[in-house]
J.: 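One structure coming up, written as structure tokens, with questions to follow.
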Amino acid sequence: MALDASQSLPDDKLLARFAQGDRIAAEILTARLAPLVFKQAFRMLSDRSEAEDVTQESLLRLWRAAPDWDFNQAKVTTWLYRVTANLCIDRIRKEKHSCGEVLEKADAGPGMEHQLQTQARAVALQTALQKLPERQRQAMILRHLQDLSNPEISDIMEISIEAVESLIARGKRTLAGALAPQKKALGFQDEQ
């Protein structure tokens, strides 16, 4: 099958093709899923190198699972999000990963103040996220940074939808409390 035709196939069809030895299907699926996995891992770990390692490991596990994949059990992305989250949690627990993201130097061009404020907001959010309990952090990242639905998060975290809603509500309250003292410094003094 041609590359263009393969690109429109759903994830499960591409995984089935990979399991049959189709390298083009693997390339397409990797290009499609790696950015999603990396984004999730980076948000959970705050470390680009660690996120890259988790992305590689998550995709390797997907490739190993491909020959025995049960297409009626879970969506490829749901399974992959769950594996990624578990790998991140393992790393956090094992290494007692410290939060903090190094600010990159901003351009001296126009909009520098806005860029610095945006970076300060991102760092403050990331720092506050890292202080949340693991399950709350995972639910908040999947919902608000990965834009997944509560049922999808429920599948990934293997908990009820009500439990997801509770984790997200508690996470929002905790983040609001943690960020409230920084409201003015982050440029939110006029916003409600």
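Sequential numbering from 1 along the given sequence is applied to the chain's residues.
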J.: Just how far is it from atom CE of M157 to atom CG of L148, taken to the nearest 0.5 Å?
T.: 11.5 Å
J.: Rounded at 0.5 Å granularity, tell me how far CD1 in I28 sits from CZ in R23.
T.: 13.5 Å
J.: Please walk me through it: do L87 and T84 pass side chain to side chain contact (heavy atoms under 4.5 Å, CB included)?
T.: CA-CA 5 Å; L87 288 170; T84 301; 5.8 Å; no
J.: Shortest non-hydrogen contact from A41 to C88?
T.: CA-SG, 3.6 Å
J.: If you round to the nearest 0.5 Å, how far is CD1 of I168 from CG of L175?
T.: 11.5 Å
J.: Kindly state each residue pair satisfying salt bridge (charged side-chain N to carboxylate O under 4.0 Å, His left out) with at least one member in residues 141-169, sequence neighbours excluded.
T.: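 Only K75-E152, R82-E158 qualify under salt bridge (charged side-chain N to carboxylate O under 4.0 Å, His left out).
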J.: How about T77 and L80: do any of their side-chain heavy atoms sit closer than 4.5 Å?
T.: no
J.: Answer whether the closest heavy-atom distance between the side chains of F42 and E52 falls below 4.5 Å.
T.: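 The answer is no, as the side chains (C-beta and beyond) never meet within the 4.5 Å cut-off.
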J.: Roughly how far apart are I24 CD1 and L14 CG, rounded to 0.5 Å?
T.: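 Nearest 0.5 Å value for the CD1-CG distance: 11.0 Å.
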J.: For P151, which of T78, I161, V164 qualifies under side-chain contact (heavy atoms from CB on, under 4.5 Å)?
T.: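 Of the listed options, the one satisfying the test is I161.
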J.: Starting from the C-alpha separation in whole Å, work towards a yes-or-no answer on side chain to side chain contact (heavy atoms under 4.5 Å, CB included) for R137 and M140.
T.: CA-CA 5 Å; R137 180 174 55 243; M140 292 290 290; 5.8 Å; no
J.: What heavy-atom pair brings L15 and A66 nearest, and what distance separates the two atoms?
T.: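 So the two residues come closest at CD1-CB, 3.5 Å.
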J.: Might you point out which heavy atoms bring L9 and R32 nearest each other, and give the distance in Å?
T.: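 Smallest interatomic distance, heavy atoms only, reads O-NH1, 2.9 Å.
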J.: Do Q40 and L36 touch side chain to side chain, with heavy atoms closer than 4.5 Å?
T.: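 Heavy-atom side-chain distance check fails, nothing below 4.5 Å.
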J.: Which atom names give the shortest non-hydrogen contact between Q138 and A85, and what distance separates them?
T.: NE2-CB, 2.8 Å
J.: Starting at CG of N86, measure out to CD1 of I156 and round the result to the nearest 0.5 Å.
T.: 10.5 Å
J.: Tell me the ring pair (Phe, Tyr, Trp, His ring centres under 6.0 Å) pairs involving residues 12-34, sequence neighbours left out?
T.: F18-W63
J.: Run the salt bridge (Lys or Arg N to Asp or Glu O under 4.0 Å) test on E57 and R61 for me, step by step, so that the C-alpha distance in whole Å, both residues' side-chain angles and the decisive distance to 0.1 Å come before the verdict.
T.: CA-CA 6 Å; E57 180 62 27; R61 289 185 183 197; 2.8 Å; yes
J.: Give the C-alpha distance, both sets of side-chain angles, the deciding distance and a yes or no for side chain to side chain contact (heavy atoms under 4.5 Å, CB included) between V54 and M44.
T.: CA-CA 11 Å; V54 167; M44 290 185 75; over 6 Å; no
J.: Search all heavy atoms of R43 against all heavy atoms of Q130 and return the closest pair with its distance.
T.: O-NE2, 3.5 Å
J.: Among L29, V83, T30, which one satisfies side-chain contact (heavy atoms from CB on, under 4.5 Å) with L59?
T.: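 The option that passes is T30.
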J.: Nearest 0.5 Å please: distance from the CG atom of D22 over to the CD atom of E27.
T.: 9.0 Å
J.: In the structure I gave you, are the side-chain heavy atoms of R91 and D47 within less than 4.5 Å of one another anywhere?
T.: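 Side chain of R91 against side chain of D47, heavy atoms only: no contact under 4.5 Å found.
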J.: Any non-hydrogen side-chain atom of L33 less than 4.5 Å from a side-chain atom of L62?
T.: yes
J.: Closest heavy-atom contact between P35 and A31?
T.: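 Minimum heavy-atom separation between P35 and A31: CD-O, 3.3 Å.
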